[in-house]
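For reference, the structure is listed below as structure tokens.
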Number of protein chains: 2
Amino acid sequence: MKDHHSDVRLTPGARRILDTASALFYHHGIHAVGVDLIATESGVTKRTLYDRFGSKDTLVTAYLRNRHQQWWTRWEQRLENAPPPRALTVFDSYTADAPMSDRGCAFLNAAAELPPTHPGYQVIRHHKEQVRERLRHLIAEDPRIHNPDHLAGHLFLLVEGAIAHRGIDGTDDRLTHARAMAEHLLASAGEHTPAHP
Amino acid sequence: MKDHHSDVRLTPGARRILDTASALFYHHGIHAVGVDLIATESGVTKRTLYDRFGSKDTLVTAYLRNRHQQWWTRWEQRLENAPPPRALTVFDSYTADAPMSDRGCAFLNAAAELPPTHPGYQVIRHHKEQVRERLRHLIAEDPRIHNPDHLAGHLFLLVEGAIAHRGIDGTDDRLTHARAMAEHLLASAGEHTPAHP
DNA sequence: CCTTAGGTACACTGATCTGTGAAGTCAAAG
DNA sequence: CTTTGACTTCACAGATCAGTGTACCTAAGG
């Protein structure tokens, strides 16, 4: 529990490789970053990289898995001390630390440049599915809301649209606006629920 | 007017290069497609490609410009015979022909793998800005709607979220749902407008 | 003491990348 | 008849790509 990272079964070198690769992949794209750079930047030989991860594709997949795990943990933490409606924390989770999200969503970006056959692609799908599902549960915490699934779908699109543009616009504005819209949506869904006036 | 394409000042070879490059860039990503493949696939020499476009970056920029022009024209056409609320046509414009959108939004995908310094990046920003602005105007066509800008922002995020997931999910479901949500939003914004009961 | 794990150092392969140089073909327009 | 524009052929540069083979070092654990 002293390490906040995902897989503790990682060698010190492997840990550094994964962290470096994560930063580089996220900020410059996957195809744009070569293994030589990753090795150099992590103070490790390319030989070590291949001894630990076997291939670039595997490293990419590890990157996505690690990223999901990190993001999920952070969200869970934020969720603990959050006042209802807790669904709104998704937006805050992105706005939180800038260098972690200044290029938008790592998963959407990866999906944009990886072929659907890539082993990492199912990690992407899994991540998005998990987020949407968790969102649905959080919305359903308010018993006055009758259609949590529909509302979850709506909020999910708002999040995805906003975070997709986070990288393009360079601002958190879209995220902030999306949060406000979501807040209004949740409020009005909780208000006139039993029977409309 | 006999050619539906953007820049008529293009040589036959250049036209084929641009069309081929567009298809390849969109379906496999920009970094994943080399100039050799583009040249071969368009039945043209690499020499010709460089004589016409100068560099790959320029070709990429031309691709984005062309794509914007095409998309915009198609939208404009669809807009002509559309019943109000005409803002909903954005969704249809994406759902229309599958091979043109089965990998999601070309501009979001390009933004995901290009550095912000790339000459094509401002084309991306321009495209998105134009779409949002047009959306705002279309929404304002209904005089009963008081906050067209806010509503445009909302619809825009729904579109972007849905189209970003078009490539991941492989389905038009997200787009269809987004359209339904937008329809409801527009309807309720048009209904209780003068003073709420 | 000896094995094993996690490395380093470094040369090297073969493929692919963007981009260029030089010479030649062909048709249309002046 | 000659120039110009679009295009071909093909060789080649120089960099970078993912990935491997071999030998060596060092610390921890049996």
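The chains referred to below are lettered A, B, ... by the order of the sequence lines, with proteins before strands, and numbering in each begins at 1.
Note: CG (A:D51) to C1' (C:dA5) measures 11 Å, nearest angstrom. Here D:dA6 presents its P atom at 11 Å from CG of B:L10, a figure rounded to the nearest Å. Regarding A:H31, its NE2 atom lies at a distance of 14 Å from the C1' atom of D:dT16, rounded to whole Å. The interatomic distance linking A:K56 (NZ) with D:dT16 (P) rounds to 14 Å, in whole Å. Spacing between atom CD1 of A:I38 and atom P of D:dT16 amounts to 16 Å, rounded to whole angstrom units. Following rounding to the nearest Å, B:L37 (CG) and C:dT18 (C1') show an atom-to-atom distance of 14 Å. Look at CG on B:D57: it is 15 Å from P on C:dC17, rounded to the nearest Å. Rounded to a whole Å, the CD1 atom of A:I17 is 14 Å from the P atom of D:dG19.
The base of C:dG21 lies close enough to the side chain of B:R47 for a donor and an acceptor atom to sit less than 3.5 Å apart.
Residue B:D36 is in base contact, counting any heavy-atom pair closer than 4.0 Å across all strands shown.
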side-chain hydrogen bond (donor to acceptor under 3.5 Å, both in side chains) between A:N109 and A:E113, worked out
CA-CA 7 Å; A:N109 291 355; A:E113 59 175 333; over 6 Å; no

Evaluate A:I163 against A:F91 for side-chain contact (heavy atoms from CB on, under 4.5 Å), listing each step before the verdict.
CA-CA 9 Å; A:I163 191 60; A:F91 299 95; over 6 Å; no

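Among the nucleotides C:dG6, D:dC7, C:dT18, the one closest to the side chain of A:T11 is C:dG6. Side-chain proximity of B:Y50 to C:dT20, C:dC10, D:dA18: nearest is C:dT20. Comparing D:dG19, C:dG7, C:dT18 against the side chain of A:T48 picks out C:dG7 as the nearest.
Aromatic rings of A:H28 and B:H31 (six-membered ring for Trp) have centroids beyond the 6.0 Å cut-off, not under it.
For the pair A:R166 and A:Y94, the cation does not sit on the ring face, since its NZ or CZ is not both under 6.0 Å from the ring centre and inside 45° of the axis.
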